[in-house]
Structure formats: C-alpha cells, structure tokens
Amino acid sequence: MSSEQTVSTYQKYKENTNLFTTWLGKTARACGWKPNYIHEPEQTAEQDETKGPKRKKKSRTSTKAAEGSSAAADSGQSSIRAPRHMVTTQELVDQVELVTKSAQVVSPMPPKIHAALRTAIQARQRCAAWFEKTKSGTEESNEGHQHFINILQQALTKLQSIKQDEHPTSEDTISMRNIFKALEVEYISDDEMAEVAHATQSDQDTQEKEDHIYQLEIDRQMEVAFIIFSFFEDLHKLRADLKNIWTRFQRGEMTLFRATILTTTCFEIVRQAETQAYESYAAINEASDYTYNDLAAMIYTADSLTRGEQSEVRLHDITTFHSLDDLLNLDTSGPKPSPKTLEISELDEFVFLPTGRTLSKLAQSRQYILRKYDWPPPIPPMGFNYIIRPELLDDPRMKQLERQDEFLCQFYMDMVFYYQSLNSAGDLGDFATSMMADLFPPFDDAIYSTLQELWTTGNVTTRMVFAAQILWDIHTICDEGEGHSSLGEMKAAARKYQDMFKFSIDSGNGVVTQDVRWLAKDSSLISALYSRTSFNLTAPSFPMVKEIAFQNIRSKTRVDHDALRRRLPEQIRSQLRATGIIEAEGQYAKHIEPHKDNAFLIRANLLYAGTLIMDVTSMAEEAGVALANHYLSVFSVAHLYNALRKLGVCSVGWPMMERIIELHPGPIFANDIPSLPKDMLSRYMYRLGLSSANNRHYVEKKPFKLQPSRTTQALRKFFNSGQSLPRLMGDLSNLAKKHELAPRGQDTHQNQGRNLTPRRALAKLDAYIQVVEPDTAIDYVSLTKQCQNLLHRIQTKMTSELGVKFPKWKFHPDDSFDHGLLLTVLGILNEIVAYAEARQRIGGEATSTTADFMQNARRLQIAREHIEAEIRAES
C-alpha cells in the first residue's frame, strides 16, 4: 500500500511550521532553554479521525485541553509517539532571543527550515490580508493574525542573521508588506512547496521516538479561519487546473476519457477536503447541514452571503406556486439595502458567492419537486434580485453572471425532469417512463450525482458549488469548439466501437458480431455494448422524452407571466416606477424557461459523455480480452514473436505485440519470458495445459487468462457492481500512487512516503492516466482476428510448401476459431528445439542463429516471413 496521502495546503503549511518550531525548540534546549510542560497525546490521529463533528460549541477551556491532540492531527506526524511540547508565542520569542544570543555556538538555520518557515509566513500573510480587506473578522481577531505573523517574521529575520554573525536592529525585525497588499504577497507554487516538502520529508521520516516535538499553541478560532481560507485557496488552484485540462481537451491535446476521470477525481478531492475543513469548523461551532454557508461565513461577513439572495423578493409557501397568490412579497418595513449591497466583487468570487447564490435559490424548490408538481418548477432569474439596482446589470461582468445563472437554472430544470421521469413522475405516461428507465445508463455522471443533492437533501455543500462552477467553466471553454460537443464525442465513440465489433441482429433478435461467435458467458456484455453504441451514444432517449413533456406543457393551460406583472404587490410596482423600470416591460417578473434544445442536458455536460465513453471503453476492453482468452491466437503469436526476437531471427519490432507481452507476462509466459529454445517450448506447453506436471491444475482451474488493465477493472466495478463514485476515484488514485512513475529528471523513490497537496495528487493521477490510457484502448478484438489470420496464413503456407497437415480443433461446431492453429505454433517451437539440440550435439550453441541453422528450420523461416510482412503492413 502506498504511503502517500492527499492533504490540504493548510496541512502542508502546518507541517512546515511544526518543522521550524521543532528545530528551534531543539536548538534552544541545546542553548539551555527548558520547556514548561510536556503533553503526551492519548491517542493517534488515526483513532481521532473516527469521531464526527461536534454538535455543541466547545468552551475555550476544553479547546485548550484538546489543543495537543488536534495539533498532532494537524502536523501529519501523529504516528510518532514522541514527547510534544506546546510552545506559546512568548516562549517562541524567548527561544529566538536565546538562540540569537548564542550565535557563536549555534549552527545557522538550515536552508530547508528557512524555506519551510517562509512558505508558512507567506500563506498566513495572505490569510490576514483577506480578513483585513473583507472586514470579516473582529478587530481583535485581525490583530491576532497580524501579531502571530509578526512573531514568525521576527524569528525569520533574527535567525537569518546568525550565519552573518550579526544581530538585527529593531528596524530590521519586522519587514512586513503593507497589509492591504498582502494578498499579492509572493505566491509559493505547488512545485516549490513540493521541493520544500521533499527537502524536509527525510527529517520527519527519521525522527526517533525519543525525539521532542515542539508545536505552537495557537488560538483555535484563528487557526480554523486559516484552515478554511486555505481550503478556498485550494479550490481556486484546482479550478485553474481543471480549466487548463478542459482547454487542452478543447485543443485536442487530451481525450475526453482522461479529462472526465481527472475532473471526477477532483470533485472527490474537494469532497474530502471539505469534510476535513468542516470537521475543524464543527470543533468550535454549531454544526449544520449547510456546510457551504457555514464555511464561507467563517471567513466572510454574513451580510455578504445573503446579499442579493432573494433578500428583497423571496419565495413563500411552495404549495401556492400555481396560484401565485403569495409568490412575491417585498418587505418594505425594514431598512433598505445600501447602494453597494448587490454589487459582486472579486472578494465575493473568492468564496464562489454568485454560484452559491444560484444553488441556494435552486435548493428552495426542493419541496416543489418532491411533491411532484408539474414540470418545470418556477425559478426566478438573477435579475429578479436587482429591482432596486437595475443599472448593475449593464456591467459586462454582471451580464456574464446572469448567463451563468440562467445556464445553471436551465440545467437544473432538465436534471429535475430526468429525475422525475425515472421515478414515474409527471404526466409522461407509462411508455415514456419505461423508455427512460430502459435506455438511460444505470449510473450517474459526477455532475448529476453531485447536484442532485439540491432536491434530495435541500442542502448546499461547497462541493456542489464547486461542481456547478466547473460545469459552467467547461461550457464556456468548450461550447463553441469544433468537434468537441457532447453529442459529437458520443457519436465518434459509437462509430469507433461499431466498426470494431460490427454488430448486427440475427433472426432470433439476438446481438451478434461479424466473423465472431461469442461464448454464452459473454453474450450479456456484447448486448450491453450494442445498447451503448446504438442507443445511449447515438440516440439518447432524453431528448425524445423531453419533447413529449413539452407537448404536454403546450397542451395545458399554463401560468400567464404577463398576468404575473399585473398581480405584483403595489409596493413592488411603486419601486419599479421609482427606479425607472416601467411595469409593462416586466423584465424581472418572468421565470426562467427550460432550454429549448431537447438535448440540452446532454450537450451542456461533457462529463455525461465522458462517463459513457469511460463505460463503453472499459466494456470493449473487457470483451476483447474475453475473446483473446477464447481464441488464444494473441497468446500463440506472442510466443512465436518472442521466439523470433530472442533467437535474433526477426529484425523488425512489433510495438503492439511487445506491449501485450509487457502487460501480460504472467498469463502468457508464467512471469518468465524464455530466451532459450527448450524454455520457449516448455513455457508454451505449460500455459496450454499440455505439460504433464501442470495438466491437472490446468484442467481444474484454467488459471492462465489475460486480464483487462487495472484501470478498466476499477471502472467495471463501478459500472457493473454499483460501486460508489468516491470509491472508484479512490481506487484510481491508489493505482496512481502504486504506479512507479516519475516525471522526467526525477527519481521515482523521491515520491515515496510523501503527503501530496490536492494539486499534486491531481497531477500524479494525470501522469498515471496519461501512461495507462492507451492500454485501456487496445483493440483486442481486431488484434485477435489479426493474429488468427496470421496463424492461418502461416499454416496454409506450411501445408502447401512442406505438406504438413494440421487437424481441425473446435470446441463447438459453430466456433469461428480453429484451435488447431495452436498446433502450428507448437510445431514451429518443436522444430526450433530439435535443430538447436542437433546443433548442440555437433558442437554448436543451442542458441545459434547462423545461416545453416535457419536454412534447416524451414517452419521458422515461414513464420518469420509472414510476421515481418504483417509488421511492415501495419506500420
């Protein structure tokens, strides 16, 4: 099992701080400093992680008492049962003074400690600047952030001077940037953090149990705010990475298969990161189910979160939607919003506030959906909240946010319709409902499975907000791209696999493929492939069913939105007139209509297409491997090709066959690729069950089968067994961690035992998928047929030229493969052994490849001629 773990950026910064304090504490002890007390953790962080979030507020006293154990979890070093010293900030100052005064006998601060402290300071500078700019914290808490940073900065400045044998003046002590520019403080990239982590990892790994570990005693409220700030920073880094991934896809530099896996994994990384951040939040606050609001409110003012979120116009009792009696209400008794209330700044976007507002608005329609009212649900547009500030909507940035809001609302409407259709809701009829259930794949893509919580739970999590933001980002990047629409990708994949399998329907309405008779155990897999390529990928049922719904909507008496304007409360009409918006325009009274494109749900979500392609790609590999195991032609040609290459007979390389041998050394060669003639024959017979020593075992278990790639096996668990999406992404991440792959110029062992930030974990998975994706796309069906035809030509040539006759050998009369072709390879290998032994008896080498050896081994010559011709034709 890989020892790598994905940790938040905060945890990396925390590790860096602890590394510095531990070095400083040990150095100070060497200079005579004595700690006040030692805290022995009662349990490891692994044990502590099993506890859920607190549902009651913790007192300050209990928080301090738990500081040691929580710090152990934060440090990432909890498995080390070493004495832990909780150091106050004043004690840290004292340690720095003592070490500085002992500069003559103390070694300079190591570069790796300097780098670790610098990254920690700069991260906290950005956090402090955020709170100062947003005015989210109290004056006391902001001063606490700044005071702690100043102490660390003083420590860095003073300890740096040791190597110069001089003491800093008071003017040199604090070199902070202007706090209002601290968000622009030098940013530490993930690559630089990785270098710091690698430089310091050896210290953490080699700590002995008797070592003393020093950790700063920090105000927990301030630290939780830093955790959540770092969490949102991580989200923006991941968003930038995903935008780059989809830009590369749009340019044709990345497949949809790969982009889908990376994006889906990123959502899972965000889910785990949110869970960790919220556990910290719930340790000192009342926990709730509204995790996005709680986390965002922790680092942003509560007023900003509700700003524009239907604060002037709000929905009332869900049961009155159709009558519209109480749909709108304006509370004019309270204070009016300030002129800047509805403005959306870059600070708002740091916590994804515009997207969060949209999802909060959509979550309000949950009861409407659960009570199965007619589709579509009435959802007001974003502009509905700007009645008092209509001029804001003229800004190009606000218009973009309006388009985003409408896009997400329309996507949500189609998701709701899909959900209601699958659950026999609405007035679609039994036929349409049955068609939806039969023709839609029995799994969800990452977008749908994430956002459906809007109506299944009514909650809004940060992961949901992030997923909705990425959905819009993908749409803006890829919507106008040539050949990169969802339907275009789906149809291209369908053509690929239809050409590969050449499906048709026989007289008994069964699915068959050209020139291949499949075993009964594989028939259901072939039928599923046919269904994917002929229906799900080329003719998805959702647009047809949505059209039926639109016909039903048109045939019914619908709510007159013009009447809605006439029925607005007088208070609203007065404000419309007062702000210069004439009532007749009614631009804010209309609800958002469903998208007119019946295929909008599919077109707008490339992850849906990508998930289908992941499914059909893994099915095709599974089916192809099953065919290869039945025919054994790939197995036999691999043995023949290996013999030609190891004997130095074949001068032309066959990349595909070499990759097959590399992927399947166990099933083909029993993990021992032979290089001598006698071993070549024995390995072939052993794997066929013709060896006397192996016959009984082979007959009982038939163990020697090619297997789909590990990536495909993980995908099939999800698509076949109903494995959860988080579990699938976890399996793929574990495969990436186990895969011994290092970037160019970096040793593989450097990646062992390291904690990875979310971005590094995503990059590692990307490198893994890039390497293994070609293996998932190997066309085993065509390769099996190719090897079958090659063996048949070799056998025909041997019969016509040498007069050798081979018996027919079929397991079933209708089999499309003659297993007698295996005897052709067996005869060639026997010939190689016979001539090698004969040459050895006359004093030659058993591995001789001289001309006289080749002239006598005519069967080997025929095989070489045909295999080299095949390779040249393929290239």
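Just so it is clear, the structure is predicted and the values come from calculations on it, not from any experiment. The figures that follow rest on heavy atoms only: side chains count, while hydrogens, waters and symmetry mates do not.
Taking the six-membered ring where the residue is Trp, the centroids of F226 and Y10 are separated by under 6.0 Å.
Residues satisfying the salt bridge (charged side-chain N to carboxylate O under 4.0 Å, His left out) criterion with R403, sequence neighbours excluded, are absent altogether.
With a 4.5 Å cut-off on side-chain heavy atoms, D473 and L242 do not count as touching. Two residues are said to be in side-chain contact when any heavy atoms from C-beta on lie closer than 4.5 Å; F229 and R126 meet this criterion. The side-chain heavy atoms of Y290 and S360, taken from C-beta on, include no pair separated by under 4.5 Å. Side-chain contact between M298 and F231 is absent, with no heavy atoms from C-beta onward closer than 4.5 Å.
For the 3.5 Å distance criterion, the side chains of D94 and Q90 qualify, holding a donor opposite an acceptor.
Between the side chain of S280 and the main chain of V224, no donor-acceptor pair closer than 3.5 Å is present. Looking at N16, its side chain never comes within 3.5 Å of a backbone N or O of A120 through a donor-acceptor pair. Y13 places no side-chain N or O within donor-acceptor distance of the main-chain N or O of Q122, the cut-off being under 3.5 Å. With hydrogens and angles ignored, the 3.5 Å screen pairs no side-chain donor or acceptor of Q95 with any backbone N or O of A28. Between the side chain of S102 and the backbone N or O of V99 there is no donor-acceptor pair closer than 3.5 Å. For T119 (side chain) and A116 (main-chain N/O), a donor-acceptor pair under 3.5 Å exists by modelled atom type. Between the side chain of T461 and the backbone N or O of Y292 there is no donor-acceptor pair closer than 3.5 Å.
Salt bridge E274/R271: absent, no basic N to carboxylate O contact under 4.0 Å. Ionic pairing of D766 and R248 is present here: one or more N-O contacts between side-chain nitrogen and carboxylate oxygen are shorter than 4.0 angstrom.
Rounding to the nearest 0.5 Å gives a distance of 4.5 Å between OG1 of T450 and CZ of R463. Note: Q153 CD to F148 CZ = 12.5 Å, rounded to the nearest 0.5 Å.
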### Task
Would you sort out whether T17 and L117 count as a side-chain contact (heavy atoms from CB on, under 4.5 Å), showing the intermediate values?
CA-CA 6 Å; T17 302; L117 179 58; 6.0 Å; no
### Task
Test L92 against V96 for side-chain contact (heavy atoms from CB on, under 4.5 Å), laying out the working first.
CA-CA 6 Å; L92 186 139; V96 171; 4.1 Å; yes
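Below 30°, between 30° and 60°, or above 60°: for H236 and F350 the angle between ring planes is below 30°, a parallel geometry.
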